Amino acid sequence: MPPAPASSDADLILAVLERDDRRAFAEIVRRHQSQVRTVLRRLTRGDAGLADDLAQETFILAWRNLRHFRFEARFSTWLYRIAFNAWQSDARKRREVLLDTDDDERPLLEVAAPEEGVDSVSRMDLERALATLSDGERAAIGACYYADLSHEEAAQALGLPLGTVKTHILRAKAKLRARLAPPEDKR
Amino acid sequence: MIENRNDDWLDRQLRDDARAPLEDQGFTNRVMSALPPAAEAWLKPALMLGGTALGGFLATVLAPVGTMVIEGARQLGHFQSFTPAIAMLFAMTAILVVAGYVLAED
């Protein structure tokens, strides 16, 4: 029997743990795929293919470790932590990731075309602007705005001191402001 | 003041971008097909329970107390009244079932 659409994340997780219910897990993936893939696209500087590979790895790791999920925190927060770890681990394999320094010199990847039906121009601009941030700044913005974590949760998820996360957010926003002036300032 | 207004605008842009839905486009199916096969879920408990049953059988046949357990099974088969041998058979069975269950749950 497929899970009821109104089932909470906790109900679905229990169905997976108790009955190895794959339909319930598929519903979990359907619910969270958009945000997990979006945050990973921003973290990978718009590399949609890599982001989807990391998102897939994230959900498979979530499946394997679901037994360790404690229902004290939001499931999405737990999922984002796995996603950040997957991204950091992959990035370390490719090159050294320095979350606590600036590294603006890296070449940008071609930003993926925006989805249909959204504000294409501003999203494209935002993607390009986010891609110019350092790894640490992008990770902090990804954690606090895209994963909706508090500064404390972001610091824990990224393994950074709280002060560093706050500094990254301030610097990132200053850079984004400089690149993306509000509409009224463009006149 | 201008910075605050810019911040509000920037916050809104970032949050709108984060909330913009991304079409599934087969992603969920891709994840589901990459999960470990379902057989793995029952194979481990089955191996543990099977191993426990085999161990119990060998212990019954080889251990000194085994003859009493076999005698209990024989007496039970002949619908005899509740004898010490039958009690021993039940106790051994209960121990094996509990041990197997604990192992499988782990």
Side-chain angles (χ1 to χ4, degrees), chain A residues 16 19-20 22-23 25-42 48 51-53 55-60 62-64 114-119 122-123 125-127 129-130 141-142 144-148 170 172-174 176-185, chain B residues 1-56 93-106:
Chain A
V16 175
R19 302 190 298 275
D20 188 31
R22 284 167 188 249
R23 286 182 180 180
F25 191 71
E27 178 61 24
I28 291 174
V29 177
R30 258 189 294 277
R31 273 185 197 181
H32 295 280
Q33 61 85 19
S34 176
Q35 282 188 294
V36 170
R37 288 165 71 209
T38 298
V39 72
L40 284 167
R41 281 186 185 196
R42 299 299 171 264
D52 279 6
D53 286 348
Q56 180 174 333
E57 191 184 326
T58 297
F59 283 107
I60 291 170
W63 165 270
R64 289 187 194 279
E115 302 293 314
E116 288 288 328
V118 295
D119 184 355
S122 64
R123 273 195 85 186
D125 290 345
L126 187 59
E127 281 192 50
L130 284 166
I141 289 286
C144 294
Y145 285 90
Y146 288 80
D148 203 22
L170 283 174
K173 287 174 77 173
L176 291 174
R177 268 198 305 273
R179 287 176 190 273
L180 302 163
E184 58 264 35
D185 291 358
Chain B
M1 192 70 180
I2 288 172
E3 185 157 306
N4 280 346
R5 199 180 63 215
N6 288 357
D7 259 2
D8 289 346
W9 174 82
L10 185 57
D11 284 357
R12 202 173 55 245
Q13 287 285 313
L14 288 167
R15 294 197 192 285
D16 285 351
D17 185 42
R19 277 196 292 264
L22 206 56
E23 289 298 316
D24 187 290
Q25 292 177 325
F27 177 80
T28 299
N29 288 341
R30 212 176 109 196
V31 171
M32 296 311 293
S33 61
L35 290 182
E40 279 185 19
W42 58 262
L43 191 61
K44 191 178 165 190
L47 281 174
M48 285 185 165
L49 284 170
T52 307
L54 180 65
T93 306
I95 289 168
L96 284 173
V97 167
V98 169
Y101 178 76
V102 169
L103 283 171
E105 274 294 294
D106 188 46

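Scope of the values below: all heavy atoms of this structure, side chains included, with no hydrogens, waters or symmetry mates. Reminder, nothing fancy here: chain letters follow the sequence lines and each chain counts from 1. Note that the coordinates shown come from a computational prediction; the quantities given were computed from them, not determined experimentally.
No side-chain donor-acceptor contact under 3.5 Å links A/Gln35 to the backbone of B/Leu22.
Here A/Asp125 contributes atom CG and B/Asp17 contributes atom CG; the two are 11.0 Å apart, rounded to the nearest 0.5 Å. Between the CG atom in A/Asp53 and the CZ atom in B/Arg30 there is a gap of 5.0 Å [rounded to 0.5 Å]. Atom CZ of residue A/Arg31 and atom OG1 of residue B/Thr28 lie 12.0 Å apart, to the nearest 0.5 angstrom. Rounding to the nearest 0.5 Å gives a distance of 12.5 Å between OH of A/Tyr145 and CG of B/Asp16. In this structure, the separation between CZ on A/Arg22 and CE on B/Met32 is 6.5 Å, given to the nearest 0.5 Å.
Ranked by heavy-atom pairs under 4.5 Å with chain B, the list A/Ile28, A/Thr38, A/Val39, A/Asp148 is led by A/Thr38. Chain B forms the most heavy-atom pairs under 4.5 Å with one residue out of A/Glu57, A/Arg30, A/Gln33, and that residue is A/Gln33.
With a 4.5 Å cut-off on non-hydrogen atoms, A/Ala55 touches chain B through its backbone and its side chain both.
Of the residues listed (B/Asp24, B/Asn29, B/Val31, B/Leu35), the one engaging A/Val29 in a side chain to side chain contact (heavy atoms under 4.5 Å, CB included) is B/Val31, and it is the only one.
Summarising the geometry of A/Gln56 relative to B/Phe27, their closest heavy-atom pair is N-CZ, 3.7 Å, with the distance given to 0.1 Å. In plain terms, the two heavy atoms of B/Ala20 and A/Ser34 that are nearest each other are O-OG, 3.7 Å.
B/Pro36 places a side-chain heavy atom less than 4.5 Å from the side chain of A/Arg64.
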